2 protein chains.
Amino acid sequence: MQFTKAEEYGMLGVLYLSEKTPGSITPLSEIAEAKAIPEKFLAKIFQSLSRATIVRSHRGVRGGFSLAKDPKEVTVKEVLESIHGPYHLIKCTNNADICEKAEYCSLRELLSIAERKLIQIFEDHTLAELVEWEKAKQSVS
Amino acid sequence: MQFTKAEEYGMLGVLYLSEKTPGSITPLSEIAEAKAIPEKFLAKIFQSLSRATIVRSHRGVRGGFSLAKDPKEVTVKEVLESIHGPYHLIKCTNNADICEKAEYCSLRELLSIAERKLIQIFEDHTLAELVEWEKAKQSVS
DNA sequence: GTCGCTATGCAGTTTACAAAAGCTGAAGAA
DNA sequence: TTCTTCAGCTTTTGTAAACTGCATAGCGAC
Ligand code: SF4
Ligand code: SF4
């Protein structure tokens, strides 16, 4: 019941891109260094994000990644689900066949509620919002 | 970012006790068999619950475990936190020292919000409620 | 009081998956 | 052509979850 590194790195990566001027291209090496993320690990994560068209890849010299959409249009949920697939607190909330008690299990019901709330939160916030928060905090200090 | 077996087993265990007549004593072996849980694993979990005085242990012949409190008074949060300690989606929400960016990190802020919501849900529901849900569902079918 | 039953406590082992690294290739710009 | 950067796959490493075993201690029954 923990946020994984892949999810954290992915979010930090897209947030980094979100702060840049729209459409600009940034190589993986720069992101990895700026955020202190193992480059090959980040590469794998960005492949997923690329397939989900959250990010666009550009090969060759001066290549790298750019955001594929306006940060205002990308929710945290989209980013997270691109990395690890649909999110579930417990497997049986996804697939009732896993457990024969699923039909009656009250724990499953509670976790379904919790899960929906959690996803709701991730859906309610966009990358642009998070960047705003960051700026607000930094200007205070 | 997943509910662990220990947490699931612990919940199933106390729910099983909650359904029994108050104060009655049930041996671990019965719970383990009824819920298809490895007995020794459940034993470890119940030790934590015992230390947290959610459950009371009784040794010797016809010994076992009984609920230490009224199911109406025990929240899901208490049970879960007895098993795995205070719950955190990511380590830095607990301890800002882990990351030098913690002060400004917007991801940390978002996860703190999500975490609070999640804990809130677990705090808002008691064992008695869950047992009710279960009964309601079973009577329908 | 002693015998059998049940929890206690701790030290393991095994398994599973996250996290990271490595390598070969393909695409693209200069 | 050549260098740069991503793509895709395999393998390694690390760590925590999941489970097991055993020796001990408390308690009840008789
Ligand atoms: S017991 Fe309940 S929570 Fe556990 S797997 Fe079955 S349905 Fe899901
Ligand atoms: S980067 Fe943000 S989320 Fe990751 S550890 Fe630091 S504060 Fe927490």
Side-chain angles (χ1 to χ4, degrees), chain A residues 1-14 17 24-33 35-68 80 82-85 87-91 98, chain B residues 1-14 17 24-33 35-68 80 82-85 87-91 98:
Chain A
M1 208 163 172
Q2 276 265 335
F3 214 69
T4 66
K5 290 281 181 192
E7 288 162 334
E8 179 183 349
Y9 292 163
M11 280 298 301
L12 293 176
V14 293
L17 289 181
S24 69
I25 295 173
T26 310
L28 216 46
S29 56
E30 181 184 328
I31 307 175
E33 192 178 9
K35 296 287 183 173
I37 300 171
E39 191 173 331
K40 281 303 293 182
F41 193 15
L42 189 60
K44 204 161 97 180
I45 298 165
F46 264 61
Q47 275 176 43
S48 306
L49 294 173
S50 178
R51 273 192 285 268
T53 63
I54 284 173
V55 114
R56 190 174 305 287
S57 77
H58 310 265
R59 300 206 233 199
V61 174
R62 297 275 299 153
F65 290 90
S66 62
L67 270 190
L80 296 182
S82 301
I83 296 171
H84 271 179
Y87 170 65
H88 294 286
L89 267 181
I90 196 168
K91 285 165 194 162
I98 288 174
Chain B
M1 207 163 172
Q2 276 267 336
F3 213 71
T4 66
K5 291 281 180 193
E7 288 161 335
E8 180 183 351
Y9 293 162
M11 280 299 300
L12 293 176
V14 293
L17 289 182
S24 71
I25 296 173
T26 309
L28 216 46
S29 56
E30 181 185 328
I31 307 175
E33 192 178 7
K35 297 287 184 176
I37 301 171
E39 189 172 333
K40 280 302 295 181
F41 193 14
L42 189 61
K44 205 161 98 178
I45 298 164
F46 264 61
Q47 274 177 46
S48 306
L49 295 173
S50 178
R51 272 192 284 269
T53 62
I54 285 173
V55 113
R56 191 173 306 286
S57 77
H58 310 266
R59 299 206 232 197
V61 173
R62 297 273 300 153
F65 290 91
S66 61
L67 271 190
L80 296 182
S82 301
I83 296 171
H84 271 180
Y87 170 65
H88 294 287
L89 267 181
I90 195 169
K91 284 166 193 160
I98 288 173

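Hydrogens, waters and symmetry mates are skipped; everything else that's a heavy atom, side chains included, is used. Proteins come first, then strands; the chains are lettered A, B, ... in the order of their sequence lines, and each starts at number 1. Note that this is a predicted model, so its numbers are computed, not measured.
Between the CD1 atom of I25(B) and the P atom of dA7(C) there is a distance of 10 Å, given to the nearest Å. K5(A) places its NZ atom 13 Å from the P atom of dA21(C), with the value rounded to the nearest Å. Rounding to whole angstrom units, CZ of residue R62(A) and P of dC3(D) are separated by 19 Å. The CD atom of E39(B) sits 14 Å away from the C1' atom of dT8(C) (whole-angstrom rounding). Going from atom CD of E30(A) over to atom C1' of dC6(D) covers 16 Å, rounded to whole Å. Separating the CZ atom of F3(A) from the C1' atom of dA19(C) is a distance of 16 Å, rounded to the nearest angstrom. At whole-Å resolution of the value, CG in L42(A) and P in dA20(C) are 11 Å apart. Rounded to an integer number of Å, the gap from I45(B) CD1 to dT20(D) P is 12 Å.
Using a 4.0 Å heavy-atom cutoff across all strands shown, A43(B) reaches no nucleic acid atom at all. Looking at heavy-atom distances under 4.0 Å, F46(A) makes no contact with the nucleic acid at all.
One finds no side-chain N or O of Y9(A) lying less than 4.0 angstrom from the OP1 or OP2 phosphate oxygen of dA19(C). Close to dT6(C), at under 4.0 Å from its OP1 or OP2, lies no side-chain N or O of S57(B). Applying the 4.0 Å criterion to OP1 and OP2 of dC6(D), one finds that Q47(A) has every side-chain N and O outside that range.
In the displayed structure, E30(B) atom CD is contacted under 6.0 Å by more than 12 heavy atoms of other residues, nucleotides or ligands. Shown here is K5(A), whose NZ atom has no more than 12 heavy atoms of other residues, nucleotides or ligands within 6.0 Å.
Considering only heavy atoms from C-beta on, L80(A) stays 4.5 Å or farther from Y87(A) through its side chain.
Distances from the side chain of L28(A) to the nucleotides dC6(D), dC19(D), dA7(C) place dC6(D) closest. With dA7(D), dC19(D), dC22(D) as the candidates, the nucleotide lying closest to the side chain of K40(B) is dC22(D). The side chain of F41(B) lies closest to dA18(D), out of dC6(D), dA18(D), dA19(C). Out of dT8(C), dC3(D), dG8(D), the shortest distance to the side chain of R51(A) is found at dG8(D).
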Steps toward side chain to side chain contact (heavy atoms under 4.5 Å, CB included) verdict (F46(B), I31(B))
CA-CA 11 Å; F46(B) 264 61; I31(B) 307 175; 4.1 Å; yes
Kindly indicate, with the supporting measurements, whether the criterion side chain to side chain contact (heavy atoms under 4.5 Å, CB included) is fulfilled by M11(B) and E7(B).
CA-CA 6 Å; M11(B) 280 299 300; E7(B) 288 161 335; 5.8 Å; no
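The residue among K44(A) and V61(A) whose nearest nucleotide of DNA chain D lies closer to the 5′ end is V61(A). Between P27(B) and R59(A), the residue anchored closer to the 5' end of DNA chain C is P27(B), taking for each the nucleotide with the nearest heavy atom.
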